[in-house]
Structures are given as structure tokens and as C-alpha cells.
Amino acid sequence: MPEGPQMVFVKEQTEQFIGQVVLEVKGKTRNIPFDLVKGQELTQIKTFGKEILFCFQENVVRVHLMFFGKYAINGEVNRPLELGLSFEDGDLNFYACDCRYLQEPLERMYDWSTDVLSESFDQEKALQKLMRQPTQLICDALLDQNILAGVGNGIKNEVLFRARLHPESQVDHIPEAILRSIIQECVTQSFRYLDSKREGTVKEHWLVYQQKECPRDHLPLRKEKIGKGQRSGYFCEKCQVLFHPVTG
DNA sequence: GGTTATGTTATTTC
DNA sequence: AGAAATAACATAAC
């Protein structure tokens, strides 16, 4: 469950442990020095893109759920535990994820202006970065975490559908005004996804992602591995415009 | 059993 | 050296 909004949701679900001390650390991860986390008080939880950052007094534990990651709050999942944190008032368990131990100041590692869910997200900066990759296809560019941290394959497909843009359009063939609207749409759809997580309505959330039919004109959606990343694209050939090189 | 899937990084190859 | 392709990792569902 790895797109940005889902991680913000995990943050909201785990903030109950802020102010509590870690009583025990366990799991099979070798990236975390258990003894240096044990006894620490959880002071803050942040997210950056698809990462969640558990900030303690003297260090930070970063968890990325990757493709198959799962988590449980005050419960367990029947599979090998990657990282378990026991607090005074409950516990937090992560599975099949990437865990890292950070000591550097976060400000030195992260630039929150690239995180679409951050209040300091900078659309203009994202536009500049996009335009610095003129030959990329837009479907690949939207998944670039250095440009739009937090955007995943689901959000990508929704954004392109709503903007009526064909996913295989090359960046430098797309008018700047449309690039701007795409970036805005990444923010809008990310927050919309977050809302549906909060409301428990994710199943009804997607218009095209993992769907079969275009909701606008009811034609069958195309579903193909597209772009350099060969990720699943769901799109409508009729209502999503493919931009071609400007000639003449 | 094969394929697919919300992702990223390490390694190999050119 | 550095970009680009490939492999690797993890897991459940159809």
C-alpha cells in the first residue's frame, strides 16, 4: 500500500503513539540498531512522498512499504515481522518493507517542496524539473519521485485521465499550460485519494485505474504497460489527447 | 503454475 | 565515467 496519501493515512493512524517511549524493538531488519531506538520517545511523525518517518529524541526510523509492505497497529499479520515497535500503550508492526535508520538532520536529506502532499509543495519548481526532462513520456515523468514525491501508479492514471492527456505524450510536446494543470491535478488527486482513505471509500475512488470502461464515453479502456518504466497504464484512446511534436 | 500488482535499489552492461 | 538496461527483493490474488 505505497502511494503518498496512504502513507499520510498511516501517519494519522499512528500518531496515537506520539509522546510514548519505545519499550521494545524487534523484527528481522538489520538496518536498525534496536538498542538505540529502545527507550526513545516518539516525538513526531512525518511523511515524505511514500516514506514515513518516525522521529525520536535522538534519531529517526524511516519505513518504506515498497510494493508489498503491510502494517498493523495493535495487532499482527501472519508473516515475518520486519520491524516491530512496542510502545507503552500498544504496538506498531511492519512487514515486507524497507527500514532505515537516520541520524542526519532531516532538512539536509529531504526537500519537502517536491512532496505533492506537503504544504510547502512548489508547483513552479516541479514544472521546471519536468521541463528539464523534455524527452520523457509524461507517464514516466509523473512517477519520478524527484519531481513529484508521493505520486504512484494509481494517482498517475487518474491525473492523466482527468487532464484528458494521453499517457504516452512526450513532455516537450505538451503545452506548458497543460503541464501546469497536470501538476495541479497531481496535488488534487493525491488529496482526494487521502480523503477516500479517511472515508474508507477507496474502492469507489478510481475512475480509470484498474477499471475497464471509460466513464466519459463508455468505451473500453486501454490497459498496457507503457513508458520506460513499463507500468500499467489505463487510458481512453478517444478522450485522452496524444500530443505530437510541433512542426513547421 | 503462470501472471500480475499501489515500488525502489543494486548490479550489470554498453 | 556514466547512462541505460536488467536483476533483485518482497507477497498475495486471480
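This one's a predicted model, so the numbers in the text were calculated from it and none came from an experiment. Lettering follows sequence order; numbering is per chain, from 1.
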Do A:Arg216's NZ or CZ and the ring of A:Phe161 fall within the cation-pi criteria of under 6.0 Å and 45°?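 Yes, A:Arg216 lies over the aromatic ring of A:Phe161.
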Give a yes/no on whether any side-chain N or O of [X] is located under 4.0 angstrom from OP1 or OP2 of [N].
X	N	answer
A:Lys50	B:dT8	yes
A:Gln145	B:dT8	yes
A:Arg79	C:dA12	yes
A:Tyr209	B:dT6	yes
A:Lys223	B:dA5	yes
A:His64	B:dT8	yes

Grab the [atom1]-[atom2] distance between [X] and [N] for me, whole Å please.
X	N	atom1	atom2	result
A:Lys70	C:dA12	NZ	P	7 Å
A:Gln230	B:dA5	CD	C1'	15 Å
A:Glu51	B:dT6	CD	C1'	16 Å
A:Asn31	B:dA10	CG	P	11 Å
A:Met66	C:dA10	CE	P	11 Å
A:Leu81	C:dT11	CG	P	11 Å
A:Leu143	B:dT8	CG	P	8 Å
A:Gln211	B:dA5	CD	P	14 Å

Could you go through the salt bridge (Lys or Arg N to Asp or Glu O under 4.0 Å) check for A:Lys125 and A:Asp111 one step at a time? CA-CA 11 Å; A:Lys125 198 185 271 186; A:Asp111 174 7; 3.5 Å; yes
Verdict with supporting geometry, A:His64 and A:Glu51, side chain to side chain donor-acceptor pair (under 3.5 Å): CA-CA 5 Å; A:His64 192 307; A:Glu51 304 171 3; 5.5 Å; no
Using 30° and 60° as the class limits, which term best fits the ring planes of A:Tyr209 and A:Tyr234: parallel, tilted or perpendicular? perpendicular
What class does the angle between the rings of A:Tyr193 and A:Trp206 fall in, given that below 30° is parallel, 30 to 60° is tilted and above 60° is perpendicular? perpendicular
Could you give the distance separating C:dA12 and B:dT9 at their P atoms, to the nearest angstrom?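 It works out to 23 Å between them.
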Pair assignment for B:dT6, Watson-Crick or G-U wobble, requiring both distances under 3.5 Å: none
Of the options B:dT9, C:dA5, B:dT6, whose atoms approach the side-chain atoms of A:Glu3 most closely? B:dT6
Taking the side chain of A:Ser232 as its heavy atoms from C-beta onward, which of B:dG7, B:dA5, B:dT8 lies nearest to it?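 So the nucleotide nearest the side chain must be B:dA5.
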Scan A:Lys225 against the nucleic acid and name what it touches under 4.0 Å (heavy atoms): base, sugar-phosphate only, or nothing.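 Here A:Lys225 touches the backbone only, sparing every base.
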